[in-house]
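Because the structure is predicted, anything quoted here is derived from the model rather than measured. Computed from heavy atoms alone, side chains included, the values below leave out hydrogens, waters and symmetry copies.
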Amino acid sequence: MESSRGRIMAQMLDAAENASPVDAVEAVTRELGAALGARTVAFLIADLSGRALVRLTHVPLGGTGAGRRGGDEVATVMPFDGGPAEQALRTQTVQVVTQPDRWTVLAPVTDRGEAIGLLEMILPDEPDPRALQEITRTAHVLAFVVIANRRYTDLFEWGQRTTPFTLSGEIQRRLLPASFTCEASAFTLSGWLEPAASIGGDTFDYSLARDVLHFSVTDAMGHGVASALTATLGVGSLRNSRRRGVGLVEQAEAANADVADHATVPGSYITAVLGRLDLRTGVCALLNAGHVPPMLVRDGNTRALPLPPNFPLGMFADAGHRAGEIELRPGDRLVVVTDGMRERNAANLDLPTMLRSITGLHPREAARALADAVLEVSGPTLADDATLFILDWHGGHREDRRTSAGAAQERASTALPD
């Protein structure tokens with residue numbers, strides 16, 4: 001069995017390397033289908049809204065294909081309906097659908113908790129546990145193929161965009177991290193941005209060092225391209241100083257000066273929460289620059305964290321900054337939102353109560369539940385970006401994770417709300 005598995009993996013990797021980046025996923029799934037005797041094999045990518053899957057197919061010009069067209073490419077959107085595909089992606093568990101004379105296997109394509117999509121395989125015979133295990137592992141390999149090849153092509157990004165982007169939306173998208181979710185032994189995090197009709201300049205970011213996690217949530221003044229350019233300046237400055245290894249206060253002061261000196265619109269500023277979590281101790285330094293206070297969910301209670309006040313970044317070029325800190329305990333959840341989660345109709349959402357009700361959800365699903373709740377009370381068109389960042393602290397830095405095909409086992413099967 002091991003030699004067979006190794007041969008399949010080798011064939012998949014050879015197929016990926018020999019194909020162009022646009023064809024790599026199709027080449028890999030074709031090899032996988034042949035090896036496992038499948039009737040059909042397909043990769044379904046998760047769209048950027050997190051509320052649908054997208055089937056990408058290649059149909060030469062002049063051919064027929066239902067769905068959104070982009071030259072020879074067709075993207076067919078399959079909105080979530082609570083069925084097996086949604087359950088497979090959201091719970092990170094393999095689903096088997098039995099139909100007359102065929103079995104459809106839906107396996108999550110995931111890496112470190114990032115739900116990239118699903119591997120859909122139609123088999124002529126009922127798969128036994130060993131076959132399902134093989135499919136699960138190869139779906140994990142497919143995640144690396146997607147991650148490696150999407151750097152070279154717009155195909156996957158195009159497929160994920162179920163609505164067109166404005167220029168300001170395009171700029172904002174480039175400011176966000178490549179993966180919205182990250183799992184490690186000591187923590188799990190996930191961010192989410194629900195854009196307004198006119199982009200409001202929100203961003204979130206994170207970077208993992210050997211023993212430190214850096215993160216930020218920012219909100220640039222205004223809307224549209226001007227706001228996106230101010231956000232670019234702020235995020236670029238924060239990343240630059242972070243990569244130079246300076247501390248949290250120094251990062252804030254560098255960004256403060258850069259926004260004040262270089263903003264295209266005079267008087268522009270950025271509110272922000274900056275964080276630096278020591279993964280060895282759980283001590284989290286936090287700096288609040290005129291932003292909505294971060295919240296801590298601990299033992300079923302939610303409270304705003306009191307931090308030293310600071311002016312927004314760029315408001316006053318010579319302003320000083322101070323940080324506070326909190327020692328996280330295993331089981332704690334840290335939540336940072338932007339004011340789009342609180343403005344106008346969104347203020348009708350009882351955020352502390354909502355946070356308490358979703359403590360059992362993986363941060364990826366908790367973020368989605370909060371975004372859905374904001375849309376429910378505000379309507380489909382937001383007046384301002386609504387952004388949130390959720391960090392669960394587990395403790396145990398450098399302890400081995402218990403994973404299954406790219407997802408942490410203890411978090412993957414968490415029940416979803418009705």
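Residues Ala115 and Ala46 share a closest heavy-atom pair of O-CB, 3.8 Å. For Leu189 against Pro363, the heavy-atom pair with the smallest separation is C-CB, 4.2 Å. The nearest pair of heavy atoms linking Thr181 to Tyr206 is O-OH, 3.6 Å. The shortest heavy-atom contact between Ile390 and Leu388 is CD1-CD1, 3.8 Å. Closest heavy-atom contact between Leu279 and Trp393: O-CH2, 3.5 Å. Smallest separation of non-hydrogen atoms from Pro21 and Asn149: CA-OD1, 3.3 Å.
Around the CD atom of Glu170, the shell of radius 6.0 Å holds more than 12 heavy atoms that belong to other residues, nucleotides or ligands. Around the CG atom of Asp101, the shell of radius 6.0 Å holds no more than 12 heavy atoms that belong to other residues, nucleotides or ligands. Around CZ of Arg39, the count of heavy atoms belonging to other residues, nucleotides or ligands within 6.0 Å exceeds 12. Within 6.0 Å of the CZ atom in Arg244, the count of heavy atoms belonging to other residues, nucleotides or ligands exceeds 12. The environment of Asn240 atom CG is dense: over 12 non-hydrogen atoms of other residues, nucleotides or ligands sit within 6.0 angstrom.
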Please assess Thr110 against Gln92 for the test side chain to side chain donor-acceptor pair (under 3.5 Å), listing each intermediate value before the final yes or no. CA-CA 8 Å; Thr110 303; Gln92 290 295 293; 2.4 Å; yes
Would you please test Leu305 and Arg303 for side-chain contact (heavy atoms from CB on, under 4.5 Å) and show each step? CA-CA 6 Å; Leu305 293 176; Arg303 64 182 177 94; 3.7 Å; yes
Report the C-alpha distance between Arg161 and Asp47 in whole Å, list the side-chain angles of each, state the deciding distance to 0.1 Å, and finish with yes or no for salt bridge (charged side-chain N to carboxylate O under 4.0 Å, His left out). CA-CA 6 Å; Arg161 296 186 179 192; Asp47 85 324; over 6 Å; no
Quick one: do Phe187 and Asp392 satisfy side-chain contact (heavy atoms from CB on, under 4.5 Å)? Show the steps, please. CA-CA 5 Å; Phe187 68 89; Asp392 283 0; over 6 Å; no
Under the side-chain contact (heavy atoms from CB on, under 4.5 Å) criterion, do Val25 and Phe156 qualify, and how do the steps go? CA-CA 10 Å; Val25 170; Phe156 302 114; 3.6 Å; yes
After noting the C-alpha distance and the side-chain angles of Ile171 and Leu167, does the key distance pass the side-chain contact (heavy atoms from CB on, under 4.5 Å) rule? CA-CA 6 Å; Ile171 296 170; Leu167 174 59; 4.2 Å; yes
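Without hydrogens or angle criteria, Asn256 side chain to Gly314 main chain gives a donor-acceptor distance under 3.5 Å. Side-chain atoms of Thr230 come within 3.5 Å of backbone N or O of Ala226 as a donor-acceptor pair. Using a distance-only test at 3.5 Å, with no hydrogens or angles considered, a donor-acceptor pair links the side chain of Gln251 to the main chain of Val246. With Ser227 contributing its side chain and Gly222 its backbone, the two residues share a donor-acceptor pair below 3.5 Å. Of the possible polar contacts, none joining the Gln160 side chain to the Ile45 backbone as a donor-acceptor pair under 3.5 Å is found. Checked by atom type and distance alone, the side chain of Asn18 pairs as donor or acceptor with a backbone atom of Asp14 at under 3.5 Å. Between the side chain of Asp385 and the main chain of Pro195, no donor-acceptor pair closer than 3.5 Å is present. Under the 3.5 Å distance criterion, the side-chain polar atoms of Arg55 are left unmatched by any main-chain donor or acceptor of Ala75. Side-chain atoms of Thr203 never come within 3.5 Å of backbone atoms of Leu175 as a donor-acceptor pair (strictly under, hydrogens ignored). Between the side chain of Arg137 and the backbone N or O of Glu134 there is no donor-acceptor pair closer than 3.5 Å.
Side-chain polar atoms of Asp23 and Ser20 form a donor-acceptor pair below 3.5 angstrom. Between the side chains of Thr353 and Arg356, at least one donor N or O lies within less than 3.5 Å of an accepting N or O. Thr93 and Thr91 form a side-chain donor-acceptor contact under 3.5 Å, judged by distance and modelled atom types alone. No side-chain donor from either of Asp219 and Thr338 sits under 3.5 Å from a side-chain acceptor of the other. With 3.5 Å as the limit, one finds a donor-acceptor pair spanning the side chains of His362 and Glu183. Ser168 and Thr166 share a side-chain donor-acceptor pair at under 3.5 Å. Side-chain polar atoms of Gln99 and Arg102 form a donor-acceptor pair below 3.5 angstrom.
Counting heavy atoms from C-beta outward, Arg242 and Glu250 have side chains that stay 4.5 Å or more apart. Between Leu123 and Ile135 there is a side-chain heavy-atom pair separated by less than 4.5 Å. By the 4.5 Å heavy-atom criterion applied to side chains, Phe180 and Leu193 are not counted as neighbours. Side chains of Val337 and Thr387 form no contact here, defined as non-hydrogen atoms less than 4.5 Å apart. Looking at heavy atoms from C-beta onward, Cys182 lies out of side-chain contact with Leu213 at the 4.5 angstrom threshold. Here the side chains of Pro330 and His394 are not in contact, with every heavy-atom distance at 4.5 Å or above. Taking the side chain as every heavy atom from C-beta outward, Leu56 and Thr76 never approach each other to under 4.5 Å. Side-chain contact check for Asp205 versus Leu238: every heavy-atom pair is 4.5 Å or farther apart.
In this structure, Thr104 OG1 and Ile122 CD1 are separated by 4.5 Å, a value rounded to the nearest 0.5 Å. Taking OG of Ser207 as the start and CZ of Arg243 as the end, the distance is 7.0 Å to the nearest 0.5 Å. Here the SG atom belonging to Cys284 is positioned 7.0 Å from the CG atom belonging to Leu391, to the nearest 0.5 angstrom. For the atom pair OG1 of Thr29 and CE of Met121, the computed distance is 8.5 Å after rounding to the nearest 0.5 Å. Taken to the nearest 0.5 Å, the CG atom of Leu277 stands 8.5 Å off from the CG atom of Leu334. One distance of note links OG of Ser179 with CD1 of Ile147; it measures 7.5 Å at 0.5 Å rounding.
Under a 4.0 Å N-O distance rule, the pair Glu194/Arg51 qualifies as a salt bridge. The pair Asp278-Arg280 meets the salt-bridge criterion, since a charged nitrogen lies less than 4.0 angstrom from a carboxylate oxygen. A salt bridge links Glu86 and Arg368; the closest N-O separation between the charged side-chain nitrogens and carboxylate oxygens is under 4.0 Å. Using a 4.0 Å cut-off between charged side-chain N and carboxylate O, Arg173 and Glu157 make a salt bridge.
With respect to Leu351, the side-chain contact (heavy atoms from CB on, under 4.5 Å) criterion is satisfied by exactly one of Val292, Leu370, Thr302, Val374: Leu370.
Between Phe389 and Phe215, the ring center distance clears the sub-6.0 Å criterion.
A cation-pi arrangement is not found for Arg150 relative to Tyr152, the charged atom failing to lie both closer than 6.0 Å to the ring centre and inside a 45° cone about the ring normal.
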